[in-house]
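Notes follow once the structure below has been shown.
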Amino acid sequence: MPDDSQAGNFIREIVATDLKTGKHGGRVVTRFPPEPNGYLHIGHAKSICLNFGIAQEFGGSTNLRFDDTNPSKENLEYVQAIQDDVRWLGFDWENRMFYASDYFERLYLSAVHLTSKGKAYVDSLSADDIRRYRGTLTEPGKDSPYRTRSVEENIDLFARMRAGEFPDGTHVLRAKIDMASPNVNMRDPTLYRIRHAAHHRTGDAWCIYPTYDFAHPLSDAIEGITHSLCTLEFEDHRPLYDWVLKESDAQCHPQQIEFARLNLSHTVMSKRKLLDLVEKKLVAGWDDPRLPTLQGLRRRGYTPEAIRAFCEHIGVAKRDGVVEMALLEHFIREDLNRRAPRVMAVLRPLRVVIDNYPEGAEEDLEAINNPEDPNAGTRKLPFSRTLYIEHEDFREVPPKKFFRLTPGQEVRLRYAYIIQCVSIVKDDRTGEVLEVHCTYDPETRSGGPQAGRKVKGTLHWVSAAHALEAEVRLYEHLFLKADAGDVGEGLDYTANLNPNSFERLTGCQVERTLAAAAPLSRYQFERQGYFCLDPDTSDQKLVFNRTVALRDSWAKIEKTQQER
RNA sequence: UGGGGGAUCGUCUAGUGGUAGGACAUCAGCCUUUGGAGCUGAUUACCGUGGUUCGAAUCCACGUCCCCCAGCCA
C-alpha cells in the first residue's frame, strides 16, 4: 500500500545521512523553541510534530526550550499554555524542559569571551544611527565610530551595562563582522541590548538581554542539539548562527535547517494578527473555536490525533504555500467518523405530530451508537406521538431531488417508522410552518415486517417530551477569502472577517443521553456534523460547538439548482 | 538595482537520468435506515527557451515569476 506519510522529506534525508556518516556522533537531538509571547497555533503544531517526530524516528530526543530573551513581550501565562498545548498534542519532553534564560550567565561569559577576542564591541550610537550606519540592501554600511574601542574599554563598558549603569538604548554589544557584507545580518549584528525590565523568570537579576541571533545558536550548542530546525526567514541568519558558534568555540556545532512554515487558507497564522484579533475582541479569546490556535482547535473539538495526521500529511519542504482548510477538515472528519458516538439532535426544531400514534404512548427504539465501531453498542431512543424534526427537512413545495418530508412523500424516521405528511399548521400572518401532522405505518418499525420498504430519505428526530434543550454554536471560516490579507487599498485583513463565522442557536432539542456528556466530549449529531460539549455548559444549559459539518451533498445539489 | 531561497495537478506533496505517483478538492456512478461513511471511475501538473543524452521534472546555459532580509523582535 503506498503511503505518503512514509514519504521522505528533505530533513529526514539529511538526518539519515548524518546518522550514517556519524556527523554528530550518531546522535539526534532536536528542540522545539517557542517564545512565550503568545499561544501556540497549528503552524507550531507542524514544527512540534516535525521536531519530535524526527527524534522519535531516529531514536533521539527532543527538548522543549522557551526562547525567553525578550522580557517585555513574554509572560508566565504563555509558558504554561505552551506546555499544556504540547502535552495535549501528545508529545513528551520528559525532563528536558529548558529556558534560554537558564543560560544567561553562560551567554554573558561567551559575550565577554568574544569581546576579549576583539570579535565584539560596545556601540554607543543611538538606534536610529545604527540603522543609518547599516546602509541599505544595495549599499554597504559603514563602521560605527565606536567600532575601534579597545578591548579593555569594551570589557569595562559591557560589565557596566550589566551592572545597570546605563539607561535603555544607550549602548549595545555588537558582533564585529563586516559592515560591507552583502548579507545585512552580518553587518555587526546586535548581541546584547539594555532593557530595564523584569523578566518572568529571572526577575530583575538582569538588565541586559541577549538577542535571538546570539542566544539561539549557543542555547542549541549548550543542549547538544544536532539539528536545529527553523523556518525559511532564518535562512540568511544561518551564516550568523555559524559565526557565533565558531567564534564562541562552542563544544558542538548544531546544523540549522530551514523549512517552509505552514499557511492555512481562510485564517491568519501570524502571532501579531492573532494577538490583534484577541485584543480588539474580534474573537472571544485565545481559545475562540474559530481560531487556528491549539486552544481554539481543542475547544472546537479537534483531536490531537487529527492534527498530528494533518501535520504528517502536509509534509515538509522549502517552498512556501497555502494549505487548504478543507484538508484539515478532512482529517478531523476521518478521525471523528471512526470514534464519535452518534446521537440525535435537532438544531432548528419543527414539531411533528403523528396523528395515528396513540396519545400518551411511548416506546423505546434501539439505535446504533456508531456504525463504524461494532464495539460501541446500542442505546434506547424514546419515541412518542409528538416529535421534533429539523425544520429544513420539511418543504411544503419541494425542489427537485428533495428526498425529505413533503406532502405526500414517505420518509423514514431513523431507527423508527416510515411516516407521511397529511396536513400542515401554519402561522396565519407569516405563513411559517409551525407544525406538521403525519401518519405512521406501524408495520415499518425498525426490525418490523415492512421495515425494509424503500424510501428516499431518512430523518433524524427526537421525542418532544423526552428531549433536552441545548445551545449549539455553529462556526464557519473566520475569513471570507482564502487569503485573509487580500484586501483593497487602505484596508487591513480585518476587512475580510466573515460576519457569519459564528452563529448561536438556542432552543435546540437533543436526545437525553447527552445529559451525561463530559466536557469536550465529541459526538456526531446524525446527518449534521461533529459537535463537542463546550466548557460553557452548566447544570442549567447544555452548550455544543460544531467542530465541522458532515459533507453535505444535498447542499451542493441545491446550490447548483439555484445557480441554474 | 545587493544577498538568500523557491517554482510539479485547483491545493499540499512524492520523484534524485528510464511509465510523472499519492492525498485533499472537484465531477460521475455504485451502495446506504445518516443525501454521512464506504467502494469504483474520471478530469487536471513538471515556469519558459535552448542544450547534453538513446532517454531530462531530474544535468547544463540563459531567461521569467514568487518569497525573505535594512529590529536594540523572534
What's the gap between [N] and [M] when it is taken at their [atom1] atoms, as a whole Å value?
N: rC65(B); M: rC47(B); atom1: P; result: 16 Å
N: rG10(B); M: rU43(B); atom1: P; result: 14 Å
N: rU16(B); M: rG5(B); atom1: P; result: 24 Å
N: rA61(B); M: rA20(B); atom1: C1'; result: 25 Å
N: rU58(B); M: rA7(B); atom1: C1'; result: 14 Å
N: rA25(B); M: rU44(B); atom1: C1'; result: 11 Å
N: rG15(B); M: rU34(B); atom1: P; result: 42 Å
N: rA14(B); M: rA45(B); atom1: C1'; result: 13 Å

[N], OP1 or OP2 - any side-chain N/O from [X] closer than 4.0 Å?
X: Thr69(A); N: rA74(B); result: yes
X: Ser553(A); N: rG36(B); result: yes
X: Lys318(A); N: rA7(B); result: no
X: Arg412(A); N: rG35(B); result: no
X: Arg261(A); N: rC67(B); result: no
X: Arg319(A); N: rU11(B); result: no

[N] pairs with which nucleotide, Watson-Crick or G-U wobble, both distances below 3.5 Å?
N: rC30(B); value: rG38(B)
N: rU52(B); value: none
N: rC47(B); value: rG63(B)
N: rU11(B); value: rA23(B)
N: rG17(B); value: none

Over-ring placement of [X] relative to [Y], 6.0 Å and 45° cut-offs:
X: Arg414(A); Y: Trp461(A); value: no
X: Arg162(A); Y: Tyr108(A); value: yes
X: Lys318(A); Y: Phe259(A); value: no
X: Arg522(A); Y: Phe531(A); value: no
X: Arg174(A); Y: Tyr121(A); value: no

Donor-acceptor pair, side chain of Thr136(A) and main chain of Glu139(A), under 3.5 angstrom =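 Judged by distance alone, yes, a pair lies under 3.5 Å.
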
With a 4.0 Å cut-off on heavy atoms, is [X] in touch with a base, just the backbone sugar-phosphate, or nothing at all?
X: Arg187(A); value: nothing
X: Phe402(A); value: base
X: Ser265(A); value: nothing
X: Glu372(A); value: base
X: Tyr415(A); value: base
X: Glu235(A); value: sugar-phosphate
X: Val322(A); value: sugar-phosphate
X: Gly321(A); value: sugar-phosphate
X: Glu13(A); value: base
X: Ala451(A); value: base
X: His460(A); value: nothing
X: Tyr209(A); value: nothing
X: Pro371(A); value: base
X: Arg342(A); value: base

In whole angstrom, what separates Asp236(A)'s CG from rG6(B)'s C1'?
->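 Those two atoms, CG and C1', are 14 Å apart.
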
Rounded distance (Å) that lies between atom P of rC72(B) and atom CG of Asn185(A) =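 In whole Å, rC72(B) P and Asn185(A) CG are 10 Å from each other.
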
Among the nucleotides [options], which one has an atom lying closest to any side-chain atom of [X]?
X: Arg134(A); options: rU34(B), rC72(B), rG2(B); answer: rC72(B)
X: Lys556(A); options: rG2(B), rC27(B), rC73(B); answer: rC27(B)
X: Ala127(A); options: rC72(B), rA25(B), rC12(B); answer: rC72(B)
X: His330(A); options: rA70(B), rA25(B), rG35(B); answer: rA25(B)
X: Ala317(A); options: rA74(B), rG2(B), rU13(B); answer: rU13(B)
X: His237(A); options: rG36(B), rA74(B), rG10(B); answer: rA74(B)
X: Arg131(A); options: rG71(B), rA37(B), rU33(B); answer: rG71(B)

Ion pair check, Arg445(A) and Glu366(A), cut-off under 4.0 Å =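 Looking at Glu366(A) together with Arg445(A), the answer is no, because their closest N to O distance does not fall below 4.0 Å.
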
Kindly confirm whether the side-chain ring of Trp554(A) is stacked on the base of rG35(B), judged by centres under 5.5 Å and planes under 30°.
->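 Yes; by the centre-distance and plane-angle rule, Trp554(A) counts as stacking on rG35(B).
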
Mind telling me whether Tyr440(A) and Phe383(A) have parallel, tilted or perpendicular rings, with 30° and 60° as the class edges?
->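 Plane angle between 30° and 60°, so tilted.
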
Among residues 267-274 of chain A, which residues get a heavy atom nearer than 4.0 Å to RNA chain B?
->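 Those residues: none at all.
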
Polar pair under 3.5 Å, donor/acceptor by atom type, side chain Gln524(A), base rU34(B) |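 A donor-acceptor contact between them is present.
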
Is rG71(B) syn or is it anti, if syn means the base angle is within 90 degrees of 0?
->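 Syn for rG71(B); the angle stays within 90° of 0.
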
Donor-acceptor pair between [X] and [Y] side chains, under 3.5 angstrom:
X: Tyr133(A); Y: Asp143(A); result: no
X: Glu223(A); Y: Tyr103(A); result: yes
X: Glu526(A); Y: Gln528(A); result: no

In a check of side-chain hydrogen bond (donor to acceptor under 3.5 Å, both in side chains) between Glu390(A) and each of His460(A), Gln509(A), Arg348(A), which one passes?
->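 When His460(A), Gln509(A), Arg348(A) are each tested with Glu390(A), the side-chain hydrogen bond (donor to acceptor under 3.5 Å, both in side chains) holds only for His460(A).
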
